[in-house]
Amino acid sequence: MAVYLITGIAGFIGSSLARAVLAQGDQVRGIDNFSTGKRENLAEILPRIDFREADLLNLDALQGACRGVDYIFHEAAIPSVPKSVLDPLGSNRANVDGTVNLLVAARDAKVRRIVYAASSSAYGDTPTLPKHEGMVPNPISPYAVAKLTGEYYMTSFYRCYGLETVSLRYFNIFGPRQDPTSPYSGVLAKFITNMLNGEQPTIFGDGTQSRDFTYIDNAVDANLLAMKAPASQVAGQIFNVATGKRADLNQAFQLLKKIIGYPGEVKYGPTRSGDVKHSLADLSRVENHLGYIPKVDFEEGLRRTVEWYRGQFKAAEA
Ligand code: UD1
């Protein structure tokens, strides 16, 4: 039985990975500082994991957390473009300093591999679509710069110390347990909960901006594959994690309107600073090196996500 450390385990993606690792019969240790994660996300798995409340800026805590660990999924972050525009120092501390601390602790504990939650925001507004990993990055927001810096550190720790690292550039991951309540929440979590509550969602801009929206189960698959692939195929490298298709926000709203049966319309507000216009992934590299193929498409992912939030609302009413 291997020991996995998951940083940001109380977050949306970390808590999904924890369930997947437990399901394959391995041992899970997790850290979170609850800056964006929630204890509820761990609910029924809490008794089965070794959970430690800790901040990535606490190197001692990380050294303790890495002891005896084989593999790390590094999901902890302050994952917001607009928040980083307001607070670039906070974004840098959590996303860059925290990542370097973890790498140092992982190196010293002789961890076998670390898979890092990188971001497609690294591509920025490069006009070429789809985005492939060989393109020169062009980050816009401080968040994008911080996430890209994390990738460089991953590759550096592989080159300098032989610590196996893999960076996965997530493209707009959505699904159950994504927090809809913060002003910085992902657009689909916000839209779905607005519409289920009979409230009107807001599109920032004209709604023609598009994203390669990726259902969580696809991201979990990619992470498990990245952890298992031979080092010669993945170590020190960067891969897109997406579906290879995109939808604009107007289309996403129309699909949700149909799935939810929402009678209202969307309203439009000012464009958000730091926003990227279009995002779409080329998947050839991740397919070739990891054998990753997205299994759940956008519409099916939306259905499952709506179903989950509906269940939450019913549970809260009961
Ligand atoms: C998202 C992720 C980020 C990830 C990046 C790349 C979130 C919160 N952020 O950033 O961690 O690294 O993808 O995959 O998941 N919008 C509205 N109305 C709203 C909220 C947002 O119109 O109420 C718009 C935004 O202006 C933007 C689009 O929806 O154009 C997507 O926004 P968001 O969900 O915040 O994601 P990204 O900024 O793309």
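As the structure lists them, so they are numbered: ligands from 1, and atoms in each ligand from 1. Position 1 is the first residue of the sequence; numbering continues from there.
In terms of polar-atom proximity, defined here as any N/O pair under 3.5 Å, D275 does make such a contact with ligand 1. Ligand 1 has an N or O atom lying under 3.5 Å from an N or O atom of T202, backbone or side chain. For V187, a nitrogen or oxygen atom sits less than 3.5 Å from a nitrogen or oxygen atom of ligand 1, counting backbone and side chain alike.
Taking 4.0 Å as the cut-off between side-chain N and carboxylate O, R169 and D282 do not count as a salt-bridged pair. Taking 4.0 Å as the cut-off between side-chain N and carboxylate O, E300 and R304 count as a salt-bridged pair. Between E40 and R177, none of the side-chain N atoms (NZ, or NE/NH1/NH2) sits under 4.0 Å from a carboxylate O, so this pair counts as no salt bridge. Under the 4.0 Å criterion applied to side-chain N and carboxylate O atoms, E151 and K147 are not assigned as salt-bridge partners.
For the ligand labelled ligand 1, residue S80 lies outside the 4.0 Å heavy-atom shell.
Residue contacts with ligand 1 for L249 involve side-chain atoms from C-beta outward but no N, CA, C or O (heavy atoms, distance under 4.0 Å). Heavy atoms of F204 found under 4.0 angstrom from ligand 1 belong to the backbone as well as the side chain. Only the side chain of V81 comes within 4.0 Å of ligand 1, counting heavy atoms alone; its backbone N, CA, C and O stay farther away. When heavy-atom distances to ligand 1 are checked against a 4.0 Å cut-off, F174 has no atom that comes that close, whether in backbone or side chain.
Nearest-residue assignment for atom 15 (O) of ligand 1 (options Q178, R169, K147; heavy-atom criterion): Q178. Looking at Y143, Y184, F191 and measuring to atom 3 (C) of ligand 1, the nearest heavy atom belongs to Y143. Looking at R211, R272, K83 and measuring to atom 33 (P) of ligand 1, the nearest heavy atom belongs to R272.
Here is the list of ligand 1 atoms found below 4.0 Å of a heavy atom in K190: 19 (C), 20 (C), 23 (O). Taking a cut-off of under 4.0 Å to the non-hydrogen atoms of I203, the atoms of ligand 1 that pass are 22 (O). Every atom of ligand 1 with a heavy atom of S119 under 4.0 Å away is listed here by number and element: 4 (C), 5 (C), 6 (C), 12 (O). Annotation for ligand 1: atoms under 4.0 Å from non-hydrogen atoms of F171 are 14 (O). For ligand 1, the atoms closer than 4.0 angstrom to any heavy atom of Y170 are 6 (C), 14 (O).
Of all protein heavy atoms, the one closest to atom 2 (C) of ligand 1 is P79 O, 4.4 Å. Here the protein heavy atom with the shortest distance to atom 1 (C) of ligand 1 is N172 ND2, 3.5 Å. For atom 6 (C) of ligand 1, the nearest non-hydrogen atom of the protein is S120 OG, 2.9 Å.
Checked against a 6.0 Å centroid threshold, the rings of F34 and F51 count as neighbours. Checked against the 6.0 Å centroid threshold, Y215 and F298 do not count as a close aromatic pair.
For K83 (side chain) and G90 (main-chain N/O), no donor-acceptor pair under 3.5 Å exists by modelled atom type. Judged by distance alone, the side chain of T193 and the main-chain N or O of A189 form a donor-acceptor pair under 3.5 Å.
Looking only at atom types and distance, the side chain of T202 has no donor-acceptor partner in the side chain of K190 under 3.5 Å away.
The side chain to side chain donor-acceptor pair (under 3.5 Å) test with K295 singles out one residue from D217, N218, D221, and that residue is D221.
In this structure, R107 satisfies the cation-pi test against Y161, with its NZ or CZ atom closer than 6.0 Å to the six-membered ring centre and inside 45 degrees of the ring normal.
Every residue was checked against the side-chain hydrogen bond (donor to acceptor under 3.5 Å, both in side chains) condition with K245, not counting sequence neighbours, and none meets it.
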